Structures are given as C-alpha cells and as structure tokens.
There are 2 protein chains.
Amino acid sequence: MLPLEKEHITNIAYDTVIFGFTGDKLKILILEYQNSGLFALPGGFIRRDENLYDAVKRGVRERTGLDKIHLEQFHTFGKKNRDSSYPFKKIAAGKGYPITSDHWVLDRFITVGYYALIDYNQVKPTPDKFSDSIAWHSIDKLPPLMIDHEEIVQKAIEAIRNDLGKKPIGTNLLPKKFTMKELQKVYEIILNKEFRRTTFQRKMLSLDFLKRHEKLYTGAANKAPYLYSFDESKEGKE
Amino acid sequence: MLPLEKEHITNIAYDTVIFGFTGDKLKILILEYQNSGLFALPGGFIRRDENLYDAVKRGVRERTGLDKIHLEQFHTFGKKNRDSSYPFKKIAAGKGYPITSDHWVLDRFITVGYYALIDYNQVKPTPDKFSDSIAWHSIDKLPPLMIDHEEIVQKAIEAIRNDLGKKPIGTNLLPKKFTMKELQKVYEIILNKEFRRTTFQRKMLSLDFLKRHEKLYTGAANKAPYLYSFDESKEGKE
DNA sequence: TATTATTGTATCAAATTGATACAATAACAA
DNA sequence: TTGTTATTGTATCAATTTGATACAATAATA
C-alpha cells in the first residue's frame with residue numbers, strides 16, 4: 001500500500017546520500033524501484049509526530065541496519081517542478097495499487113538532503129517494499145538518477161568536502177582502527193587532490209587527535225604500518 | 001486576510017536572517033507582529049507555482065526594497081513541535097480575522113533558513129501587513145524571538161562564519177568602496193576574533209582580489225586610508 | 001643473508017605568519 | 001611655516017608551517 005496522507009506531512013520529504021569507503025573508492029547507496037528501471041536515492045516521508053531528523057534516521061536504519069550513524073543535513077531542494085509523479089505512477093501500476101491523479105505523493109515535493117557516513121563493512125543493504133535492490137555505486141560511476149537526485153549527490157559531495165576537517169568525517173567512514181594510508185586515501189578522494197605521503201603524515205600526527213596502536217601485519221614483504229584510531233578525548237580537531 | 005491554502009504548499013515555509021553591517025556592528029532585521037508583542041524573523045510561505053528560492057527572494061525584496069541581494073540557504077528546521085499557532089491566533093484575533101483551529105497556517109511547519117547579505121545603507125525596511133514594525137537589531141542584543149527563531153539566527157551566524165572566505169561575504173555587506181579597516185572589522189565581527197592590522201592588510205592584498213582606488217579624506221588629523229573595491233575579474237578568492 | 005617494497009622520520013629549503021619598527025601623511029594649533 | 005598627534009602603509013626579521021628529498025628501519029621471501 002502507498003503511504004497514507006493522514007500519517008504524514010505533505011509536500012516535504014527527505015533524501016539521503018549514504019557514503020561508504022571501500023578502502024579505495026567512495027561509494028553511495030542507490031536503490032532501484034521495482035517495475036520502473038528507475039534509480040534513486042533512499043528517501044522517504046516524514047510522519048506527523050516525528051522530528052525531521054528522526055525520520056531520516058529511521059530511513060537509514062531500515063536500509064542499512066545501522067543505528068549509530070553520522071547524519072548531517074546539507075541542503076534543501078525546492079524547485080517548483082519537483083515531483084515524483086512519474087516514478088510513483090509506474091510503481092503503483094506495476095504493483096497493481098490504485099492511485100488517483102490527485103494523490104498526495106504525486107504533488108510537488110520539497111526535499112531535505114542529508115548525508116550519512118557509515119563503515120562500509122558493517123552494512124547489510126536492505127531493499128524496502130518499493131525497491132528491487134539497493135546497492136553500492138562508486139560516486140564516479142553512477143547510473144542516471146531520477147528527478148534531481150544527481151544534483152543532490154553533487155551537493156552532498158561538496159558538503160562533505162566542506163565539512164572535512166570540521167566534522168569527524170574520517171572517523172565515521174573508517175573502521176575503528178585504520179592505517180595512515182587509508183586515512184590519506186579518504187582525504188584524497190573527498191578533496192579530489194593528492195597529498196605527499198610524508199607531509200600528510202606529519203600534519204595528521206601534529207594535529208594530535210590520533211592514537212597509535214599496534215602494527216598491522218598483512219603478509220606483505222615490507223615494513224608494517226601502525227594502526228591508528230581517533231582519540232575521543234581530543235575530538236573536533238580533525 | 002490570511003494567506004490562502006490553495007495558493008501555497010503546506011507544511012513548509014522559509015525564514016530569512018537579513019544581515020547588514022553598520023561599519024561597527026552586525027545587525028539583522030527583526031519584525032514585530034501587530035497586536036501580539038511577538039518578535040520574529042521575516043519569513044513567508046511558498047506559492048505552488050514558485051521556486052523556493054524565488055519565494056525567499058520575493059520576501060526579502062518586499063521587506064527591504066532590494067532586488068539584487070546575496071541569498072544563501074543554510075539549514076532546514078524540522079522539529080515536530082514547530083508551529084505558529086500561537087502567534088497566528090493572536091494576530092487573527094487582533095485583526096478580527098476569523099480562523100478555525102484546523103486552518104493550514106496553524107499546522108506543523110518545517111522552515112528553510114536563508115541568510116541575506118545587504119548593504120545596510122541602501123535599505124528602507126518596510127513592514128508587511130501583519131507586522132507593526134521591522135527594524136535592525138544588533139546580533140548581540142536581540143529581543144526574545146518566537147518559536148525557534150533564536151536557534152535559526154545562531155545557525156545563520158555559524159553559516160556565514162563558515163562561508164567567509166568561500167563566498168563573497170564582504171562584497172555584499174560593504175558598500176562598493178570601503179577601507180581596509182572596515183573590511184577587517186567585518187572579518188573580526190563574523191569570526192569573533194581580532195586580527196593584527198599589518199598582517200591582515202598584507203594577507204588581503206596578497207590574495208589579489210582587491211582593487212585600490214583614491215584615498216578617503218574624512219577630515220581626521222591623520223594619514224588618509226585608501227579605498228578598495230572587490231575586483232570582479234578575480235572573484236571567488238575572498 | 002641479500003632483496004624488495006614500503007613506512008617512519010630527519011633534514012634543509014621555501015613560503016607563510018607573527019611581531020615590531022618606522023617613515024609618510026592629514027588636519028590642526030602655535 | 002613648523003610642530004604635534006593619530007593613523008596608515010610597508011619593511012624587516014624571527015618563528016612557524018609546508019614542500020621536497022633523503023635515508024634508515026622493517027617484513028616477508030628467495
């Protein structure tokens with residue numbers, strides 16, 4: 001069944017850009033609607049008795065199984081021609097749901113964009129009842145997305161670029177313990193800029209928010225790197 | 001008359017934090033509703049056939065008379081208890097408008113926050129039909145604002161702090177020509193941090209986006225400072 | 001024990017910023 | 001005209017940060 005009007009506030013929705021880091025690439029979760037061949041960001045409606053933030057959190061939890069995630073609002077999209085009538089009609093038709101042309105989900109929608117940062121290896125992507133699949137896609141190789149979702153992704157990337165260094169971006173994309181090389185890769189991908197290994201390491205260490213742990217022996221025939229974690233007693237410095 | 005439901009999209013509105021620089025203080029425009037003693041940010045509803053951005057622009061134009069203004073969206077506020085039923089009932093009662101308890105303007109509202117930067121001296125603040133007065137208030141001495149408008153102001157200040165150096169903040173708060181001292185004051189107030197005069201001047205000049213003009217003779221018994229303007233051929237560097 | 005591909009730091013040069021000094025005014029008063 | 005005073009614009013040198021390079025210290029493996 002389609003979502004009920006009386007339970008939700010109308011004309012406003014949210015969409016989430018859920019980032020994960022594979023150790024090599026930044027990826028985001030994209031879902032494909034059933035019977036439509038349409039790719040979209042995971043999004044949803046806001047219940048009348050629910051804070052906007054909680055609605056987004058619920059949506060991310062349902063799709064990833066994760067509860068503690070870093071969520072950050074970045075932009076609200078309000079062009080007058082923003083509506084989902086094409087995809088919703090297609091979905092409804094495919095499922096055999098009745099839908100009238102004045103149904104509230106077909107109306108104009110303003111959407112609030114959030115980005116989420118999660119540990120890629122902890123996630124089990126789970127499709128919702130309207131989507132066939134939900135899967136990771138590299139940000140430099142996305143399928144064509146519906147409505148303005150490509151613009152939303154671009155704004156999300158700009159936002160995380162802007163927040164890197166101000167908010168704990170690295171912490172949330174990386175596992176608890178990570179190598180300096182992995183941290184550098186996160187910075188390079190987000191800022192789209194390469195760093196000199198020695199300068200990067202010196203700078204990060206001088207900022208004094210990393211805790212050094214044991215070495216990581218991978219079996220490679222060379223010097224093993226140290227593992228680091230973010231020192232929570234020194235937050236907000238990253 | 002109250003705004004009509006059929007002309008607007010429901011549950012969503014905007015509020016604007018309009019900044020002006022007096023040469024000494026950062027101020028924002030606050031309006032006071034008639035018959036209510038309530039202070040609020042200038043805001044409004046979005047017409048069904050209007051882009052969100054255009055709605056905000058229209059609102060700022062109506063209140064300031066200015067058309068070319070720097071508008072920047074910064075955050076959307078979506079707590080579940082956000083509504084304007086108290087002020088709207090008070091206004092309607094004062095004006096003798098009939099209003100039923102299920103009127104759309106009394107429902108829950110999500111609001112999109114924008115900040116505007118304008119040249120303080122170019123503005124004629126103009127009250128709208130629901131407000132007695134609209135006036136400049138220094139950001140460090142605001143009256144108590146309704147609902148969550150104080151939080152909105154705080155977020156706006158954080159946003160402009162964050163954007164300083166990335167977006168043309170100075171350009172839009174200062175008149176066409178200004179002295180280095182005025183520019184420094186803008187930076188100091190926004191960042192809440194003092195700068196050394198000589199270092200600030202050297203840094204600004206080295207960034208190569210200022211054009212030097214004639215000197216400003218004020219009658220003061222000391223060396224006259226140069227006037228500067230932002231060099232539009234070198235934008236985006238500020 | 002030699003070989004190879006890293007990793008962690010040291011070192012020195014280059015660039016940026018901090019701190020201070022000082023000459024060059026613009027009005028006014030003597 | 002010549003001091004006087006409060007700025008303003010730059011120069012100067014020290015301190016800090018960043019860029020570039022070198023090199024010793026590994027971790028497997030031959």
Side-chain angles (χ1 to χ4, degrees), chain A residues 22-24 161 164-166 170 174-231 234 236-238, chain B residues 22-24 161 164-166 170 174-231 234 236-238:
Chain A
T22 63
D24 178 49
R161 185 170 293 160
L164 185 65
K166 286 174 205 131
L174 290 165
K176 280 259 178 307
K177 292 182 182 177
F178 48 88
T179 63
M180 190 63 77
K181 198 169 206 167
E182 290 173 310
L183 183 62
Q184 184 174 344
K185 192 80 193 179
V186 169
Y187 273 73
E188 291 183 336
I189 286 188
I190 292 178
L191 299 176
N192 192 27
K193 179 179 187 307
E194 305 216 322
F195 293 98
R196 192 169 294 276
R197 180 182 64 89
T198 56
T199 314
F200 183 83
Q201 166 139 334
R202 179 177 56 188
K203 183 66 183 170
M204 287 297 133
L205 292 178
S206 80
L207 290 177
D208 196 37
F209 59 70
L210 293 176
K211 206 150 114 188
R212 182 176 277 182
H213 299 277
E214 72 280 8
K215 289 185 156 203
L216 173 69
Y217 299 94
T218 61
N222 50 43
K223 189 171 178 180
Y226 286 107
L227 284 169
Y228 295 89
S229 68
F230 289 93
D231 189 340
K234 288 163 181 169
K237 289 192 179 177
E238 182 186 351
Chain B
T22 63
D24 178 49
R161 184 171 294 160
L164 185 65
K166 285 175 205 129
L174 290 166
K176 280 258 178 307
K177 292 182 181 178
F178 49 87
T179 62
M180 191 60 79
K181 197 169 207 167
E182 291 173 309
L183 183 62
Q184 183 174 344
K185 192 81 193 180
V186 169
Y187 272 72
E188 291 183 333
I189 287 187
I190 291 178
L191 299 176
N192 192 27
K193 179 179 186 309
E194 305 216 322
F195 293 97
R196 191 169 295 276
R197 180 183 65 88
T198 55
T199 315
F200 183 83
Q201 167 138 334
R202 178 176 57 188
K203 182 66 184 169
M204 287 298 133
L205 292 178
S206 79
L207 289 177
D208 196 37
F209 58 71
L210 292 176
K211 206 151 116 188
R212 183 177 276 183
H213 298 277
E214 72 280 9
K215 290 186 156 203
L216 172 69
Y217 299 93
T218 61
N222 51 43
K223 190 172 179 180
Y226 286 108
L227 285 168
Y228 295 89
S229 68
F230 290 93
D231 188 340
K234 287 164 182 169
K237 288 193 180 176
E238 182 186 349

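Being a predicted model, the structure only gives us computed values, none of them experimental. Below, all heavy atoms of this structure are taken into account, side chains as well, without hydrogens, waters or symmetry copies. Letters go in sequence order (proteins before strands), and every chain restarts at 1.
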Heavy atoms within less than 4.0 Å of DNA chain C: which residues of residues 219-227 of chain B have one? Give them sorted by number. Gly219(B), Ala220(B), Ala221(B), Asn222(B), Lys223(B), Ala224(B)

Within the 4.5 Å heavy-atom criterion, are Met180(B) and Pro225(B) side-chain neighbours or not? no

Hey, which sits more toward the 5' end of DNA chain D by its nearest nucleotide, Lys203(A) or Thr218(A)? Lys203(A)

For Glu182(B) and Thr179(B), indicate whether the former's side chain and the latter's backbone hold a donor-acceptor pair under 3.5 Å. yes

Can you sort out which residues in residues 188-199 of chain A have a heavy atom within less than 4.0 Å of DNA chain D? Ascending by number, please. Arg196(A), Thr198(A), Thr199(A)

Rounding to a whole Å, what distance do you find between Arg202(B):CZ and dT16(C):C1'? 8 Å

The criterion is side-chain hydrogen bond (donor to acceptor under 3.5 Å, both in side chains); which residues satisfy it with Lys177(A), sequence neighbours excluded? Glu214(A)

In chain order, what residues pass the side-chain contact (heavy atoms from CB on, under 4.5 Å) check against Phe195(B), with sequence neighbours excluded? Gln184(B), Tyr187(B), Glu188(B), Leu191(B), Lys193(B), Phe200(B)

Chain B vs DNA chain D, heavy-atom contacts under 4.0 Å, first-to-last nucleotide span, 5' to 3', is dT5(D) to dT12(D)

If you count heavy atoms of other groups shown closer than 6.0 angstrom to NZ of Lys176(B), is the number above 12? no

For the student: nearest non-hydrogen atoms of Leu174(B) and Leu183(B), plus distance: CD1-CD1, 3.8 Å

Excluding sequence neighbours, so at least two apart, what forms side-chain contact (heavy atoms from CB on, under 4.5 Å) with Ile190(A)? Leu26(A), Ile160(A), Arg161(A), Leu164(A), Ile169(A), Leu173(A), Val186(A)

Measure centre to centre between the rings of Phe178(A) and Phe230(A), then say whether the value is under 6.0 Å. yes

For atom NZ of Lys211(A), decide whether the heavy atoms of other residues, nucleotides or ligands shown that lie under 6.0 angstrom number more than 12. no

Closest contact, heavy atoms only, Gln201(B) versus Tyr228(B): NE2-OH, 4.4 Å

